[in-house]
Amino acid sequence: MPMAIELAPSLLSANFAELGDAAQAALEGGGSVLHLDIMDGHFVPNITFGPPVVASLRKALPDAVLDCHLMIENPDAFIPAFAEAGANWISVHQEACVHLNRTLHLISSLGCKPGVVINPATPVHTLDEVLDLVHHVLVMSVNPGFGGQRFLPASLQKIETLARIRESRGLSYRIEVDGGIALDTVGDVVRAGADLLVSGNGVFNHHADVRENAARLLAAARSAALVRT
Ligand code: DX5
Ligand code: ZN
């Protein structure tokens with residue numbers, strides 16, 4: 001059964017001095033999930049923000065779905081703090097987890113939806129044993145760490161593979177894609193089978209209105225969904 005297409009604006013590309021307003025504008029433009037990139041300067045070569053910022057966003061936007069993408073080492077040590085801060089969804093990198101099964105159960109046990117992420121160099125089959133545990137699988141279509149990078153087309157095959165496995169195993173995980181998603185790439189990822197579209201620069205590109213950017217991207221995604229097989 002085809003899943004609903006949703007836009008997840010990534011606040012990494014927003015103006016951090018006005019995060020609440022930026023998030024609100026992206027939601028008004030049709031974003032339905034706020035994607036929050038948590039970076040520790042170890043797992044990825046960049047640092048962003050931690051639980052206090054998530055807690056502030058939760059306070060400002062009590063009903064928003066907060067999707068925390070943890071690009072950090074030793075995520076088990078920080079997952080409880082993100083859950084406490086108000087995260088709804090928490091995803092961890094397969095590459096960062098020694099005991100991935102345990103980590104996903106930890107996320108669920110705290111009342112959050114667990115997700116797993118794979119880097120461009122990580123094959124889909126490394127997730128075979130956890131696909132029945134996750135709410136979403138996030139395919140990185142750039143190497144994580146920075147916004148504004150070019151989409152890596154090899155991720156399309158991974159999305160197709162995940163859609164095929166979902167169908168053949170009767171599973172229900174969402175397929176999320178992150179990196180380089182904009183008007184020129186969104187159609188391909190939707191036709192490949194992605195249903196959650198993360199976009200940073202495509203939404204907060206500072207050259208146009210955030211609401212309009214989000215609305216255009218979502219419209220392009222939904223029209224591509226009409227023709228996917
Ligand atoms: C990259 C982050 C992305 C980033 C995407 O490491 O995980 O969520 O914000 O930015 P764009 O859409 O600009 O590629
Ligand atoms: Zn992300």
Side-chain angles (χ1 to χ4, degrees), residues 6-16 19 22-23 25-26 29-50 53-54 57 64-73 75 78 82 87-96 112-122 134-156 158-159 174-190 194-208 210 213-214 216-218 220-221:
E6 289 189 85
L7 179 65
S10 167
L11 290 175
L12 182 63
S13 300
N15 179 350
F16 278 23
L19 219 39
S32 43
V33 172
L34 285 177
H35 186 81
L36 308 179
D37 289 303
I38 315 298
M39 304 186 188
D40 66 351
H42 291 275
F43 181 70
V44 287
N46 199 1
I47 298 176
T48 54
F49 51 83
V53 172
V54 177
L57 284 166
V65 176
L66 302 182
D67 169 25
C68 289
H69 171 193
L70 303 191
M71 286 162 273
I72 63 175
E73 286 180 2
F78 297 93
F82 284 102
N88 300 93
W89 304 358
I90 298 179
S91 57
V92 291
H93 273 257
Q94 184 271 358
E95 304 86 1
C112 298
K113 306 272 191 210
V116 67
V117 193
I118 45 172
N119 278 334
T122 305
V134 294
H135 166 264
H136 54 294
V137 177
L138 174 47
V139 174
M140 288 308 301
S141 43
V142 296
N143 285 293
F146 303 93
Q149 301 181 75
R150 255 221 330 236
F151 177 79
L152 298 172
S155 49
L156 293 173
K158 291 180 170 182
I159 294 168
R174 311 287 306 270
I175 303 174
E176 186 173 26
V177 60
D178 184 4
I181 304 300
L183 286 172
D184 57 339
T185 51
V186 74
D188 286 342
V189 299
V190 168
D195 38 75
L196 284 165
L197 311 164
V198 176
S199 181
N201 270 34
V203 172
F204 302 101
N205 66 23
H206 307 295
H207 297 300
V210 169
N213 289 339
R216 265 199 219 114
L217 199 49
L218 187 59

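Note that ligands are numbered from 1 as they come in the structure, with each ligand's atoms numbered from 1 the same way. In this chain, residues are counted from 1 in sequence order.
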Trainee: What are the atoms of ligand 1, with element, lying closer than 4.0 Å to any heavy atom of Asp37?
Mentor: 2 (C), 3 (C), 4 (C), 7 (O), 8 (O), 9 (O)
Trainee: Considering only heavy atoms of Met39, which atoms of ligand 1 have at least one such atom less than 4.0 Å away?
Mentor: 6 (O)
Trainee: May I ask you to check if ligand 1 and Ser199 share an N or O to N or O distance below 3.5 Å?
Mentor: no
Trainee: Do Ser13 and Asn201 meet the criterion of a side-chain donor-acceptor pair at a distance under 3.5 Å?
Mentor: yes
Trainee: Is there a nitrogen or oxygen of Gly180 sitting under 3.5 Å from a nitrogen or oxygen of ligand 1?
Mentor: yes
Trainee: Under a 4.0 angstrom heavy-atom cut-off, which atoms of ligand 1 come close to Gly179?
Mentor: 14 (O)
Trainee: Show me which atoms of ligand 1 lie under 4.0 Å from any heavy atom of Asn201.
Mentor: 11 (P), 12 (O), 13 (O)
Trainee: Which residue holds the protein heavy atom closest to atom 5 (C) of ligand 1, what is that atom called, and what is the gap in Å?
Mentor: Asp178 OD1, 3.4 Å
Trainee: In sequence, state the C-alpha distance, the side-chain angles, and the governing distance for Asp67 and Lys113, and then conclude on side chain to side chain contact (heavy atoms under 4.5 Å, CB included).
Mentor: CA-CA 9 Å; Asp67 169 25; Lys113 306 272 191 210; over 6 Å; no
Trainee: Find, among atoms of His69 that are N, O or S, the one nearest to the Zn ion (ligand 2), and state its name.
Mentor: ND1
Trainee: Which is the closest N/O/S atom of Asp37 when seen from the Zn ion (ligand 2)?
Mentor: OD1
Trainee: Indicate whether any N or O donor in one side chain lies under 3.5 Å from an N or O acceptor in the other, for Asp178 and Ser10.
Mentor: no
Trainee: Please classify the Val198 to ligand 1 contact at 4.0 Å (heavy-atom distances, strictly less than): side chain, backbone, both or neither.
Mentor: side chain
Trainee: Just distances here: any N/O of Ser10 and N/O of ligand 1 closer than 3.5 Å?
Mentor: yes
Trainee: What protein heavy atom lies closest to atom 1 (C) of ligand 1? Include the residue and the distance to one decimal.
Mentor: Phe146 O, 3.5 Å
Trainee: Considering distance alone, does some N or O of Ile181 sit under 3.5 Å from an N or O of ligand 1?
Mentor: no
Trainee: Please report the closest heavy-atom contact between Gly30 and Leu218, naming both atoms and the distance.
Mentor: O-CD2, 3.4 Å
Trainee: Identify, by atom number and element, the atoms of ligand 1 in contact range of Met71, meaning under 4.0 Å from any of its heavy atoms.
Mentor: 6 (O), 7 (O)
Trainee: Taking both backbone and side-chain atoms of Gly200, is any N or O found less than 3.5 Å from an N or O belonging to ligand 1?
Mentor: yes
Trainee: May I ask you to list the atoms of ligand 1 that are less than 4.0 angstrom from any heavy atom of Gly147?
Mentor: 10 (O), 13 (O)
Trainee: For the Zn ion (ligand 2), find the closest N/O/S atom on His35 and give its atom name.
Mentor: NE2
Trainee: I'd like to check which ligand 1 atoms, numbered from 1 as shown, lie under 4.0 Å from a non-hydrogen atom of Pro144.
Mentor: 6 (O)
Trainee: I'd like to know whether Phe16 forms a side chain to side chain contact (heavy atoms under 4.5 Å, CB included) with Val53, so could you lay out the CA-CA distance, the side-chain angles of the two residues, the decisive distance to 0.1 Å, and finally the verdict.
Mentor: CA-CA 10 Å; Phe16 278 23; Val53 172; over 6 Å; no
Trainee: Under 4.0 Å from any heavy atom of His35, which atoms of ligand 1 are there?
Mentor: 8 (O)
Trainee: Do you know which N/O/S atom name in Asp178 is closest to the Zn ion (ligand 2)?
Mentor: OD2
Trainee: Could an N or O of ligand 1 be found under 3.5 Å from any N or O of Gly145, whether backbone or side chain?
Mentor: yes
